[in-house]
Trainee: 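First the structure, which I've put down as structure tokens, then a few questions once you've had a look.
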Amino acid sequence: RMKLWANFKRSLLDEINSGDNDRVSAALCRIVLEHNGWYDEDGQPYPPASTAAFWDAIPTELAALIVIVIQREATRLPNSLLRMSTLSNGGSRPRTNGA
């Protein structure tokens with residue numbers, strides 16, 4: 001498990017997509033707040049997720065998976081807020097199957 005900001009600035013996502021390792025690491029440190037006590041293959045705890053040391057220590061595959069989660073969640077939140085705004089303004093309710 002990890003805790004991350006869901007409503008981070010769009011510019012941070014642009015930094016992640018920049019391809020520049022320093023910019024990517026800095027953006028990830030601002031978005032990913034913590035992990036729940038992850039350990040490396042030698043049984044040593046990883047540094048806090050909000051530090052560059054964490055991003056240097058974890059396997060590339062794990063970092064790539066975290067970036068995928070961030071990118072996926074970045075597209076979910078605005079859509080969720082849009083639906084809530086429509087409902088709160090007396091707009092139509094979302095359709096459900098069988099209703």
Side-chain angles (χ1 to χ4, degrees):
R1 291 184 171 224
M2 64 182 167
K3 182 186 282 188
L4 56 92
W5 283 111
N7 60 345
F8 55 86
K9 293 180 181 180
R10 172 68 188 195
S11 61
L12 291 175
L13 191 56
D14 294 338
E15 293 295 304
I16 289 172
N17 294 327
S18 73
D20 179 287
N21 287 340
D22 292 335
R23 291 170 55 192
V24 170
S25 178
L28 290 170
C29 288
R30 294 184 61 195
I31 295 171
V32 182
L33 304 176
E34 61 186 51
H35 57 78
N36 63 339
W38 296 353
Y39 290 86
D40 67 16
E41 61 275 357
D42 297 324
Q44 298 299 313
Y46 283 118
S50 60
T51 65
F54 172 78
W55 298 100
D56 290 339
I58 64 172
T60 302
E61 295 83 4
L62 180 56
L65 181 61
I66 293 170
V67 168
I68 289 169
V69 169
I70 290 169
Q71 291 170 330
R72 184 188 69 207
E73 293 304 316
T75 61
R76 283 185 176 181
L77 185 62
N79 294 333
S80 171
L81 291 176
L82 179 61
R83 285 193 302 270
M84 293 302 293
S85 175
T86 301
L87 290 174
S88 67
N89 291 332
S92 61
R93 299 233 178 252
R95 292 183 184 169
T96 59
N97 290 337

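Values below: all heavy atoms of this structure, side chains included; hydrogens, waters and symmetry mates excluded.
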Trainee: Once side chain to side chain donor-acceptor pair (under 3.5 Å) is applied, do any residues pair with Glu34, and if so which ones, sequence neighbours excluded?
Mentor: none
Trainee: Rounded to the nearest 0.5 Å, what's the gap from CZ on Arg23 to CG on Asn17? Could you check?
Mentor: 10.0 Å
Trainee: Give, for atom CG of Leu13 and atom CD1 of Ile70, the distance between the pair rounded to the nearest 0.5 Å.
Mentor: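 Leu13 atom CG to Ile70 atom CD1 measures 8.5 Å (nearest 0.5 Å).
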Trainee: Using the test side chain to side chain contact (heavy atoms under 4.5 Å, CB included), find all partners of Asp14 that sit at least two apart in sequence or belong to another chain.
Mentor: Arg10
Trainee: Taking all atoms of both residues into account, what is the closest heavy-atom pair of Glu15 and Val24, and its distance?
Mentor: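 The answer is O-CG2, 3.5 Å.
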Trainee: Could you pull out all residues at least two apart from Asn36 that satisfy side chain to side chain donor-acceptor pair (under 3.5 Å)?
Mentor: Trp38
Trainee: Going by side chain to side chain contact (heavy atoms under 4.5 Å, CB included), name the residues that satisfy it together with Trp5, two or more places apart in sequence or in a different chain.
Mentor: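 With neighbours one apart ignored, the set is Asn7, Phe8, Leu33.
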Trainee: Could you work out, with side chain to side chain contact (heavy atoms under 4.5 Å, CB included) as the rule, every residue matching Arg30, not counting sequence neighbours?
Mentor: Leu12
Trainee: Using the side chain to side chain donor-acceptor pair (under 3.5 Å) criterion, which residues pair with Asp40? Sequence neighbours excluded.
Mentor: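 Asp40 satisfies side chain to side chain donor-acceptor pair (under 3.5 Å) with no other residue.
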Trainee: Which residues pass the side chain to side chain contact (heavy atoms under 4.5 Å, CB included) test with Asp22, not counting sequence neighbours?
Mentor: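 Counting only residues at least two positions away or on another chain, Asp22 forms a side chain to side chain contact (heavy atoms under 4.5 Å, CB included) with Asp20.
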Trainee: Let me check something: any side-chain donor-acceptor pairs from residues 49-69 under 3.5 Å, sequence neighbours excluded? List them with distances.
Mentor:
| residue | atom | partner | partner atom | Å |
| --- | --- | --- | --- | --- |
| Thr51 | OG1 | Pro48 | O | 2.7 |
| Thr51 | OG1 | Phe54 | N | 3.4 |
| Trp55 | NE1 | Ala49 | O | 3.0 |

Trainee: Scan for ring pair (Phe, Tyr, Trp, His ring centres under 6.0 Å) pairs involving residues 9-29, sequence neighbours excluded, and state none if there are none.
Mentor: none
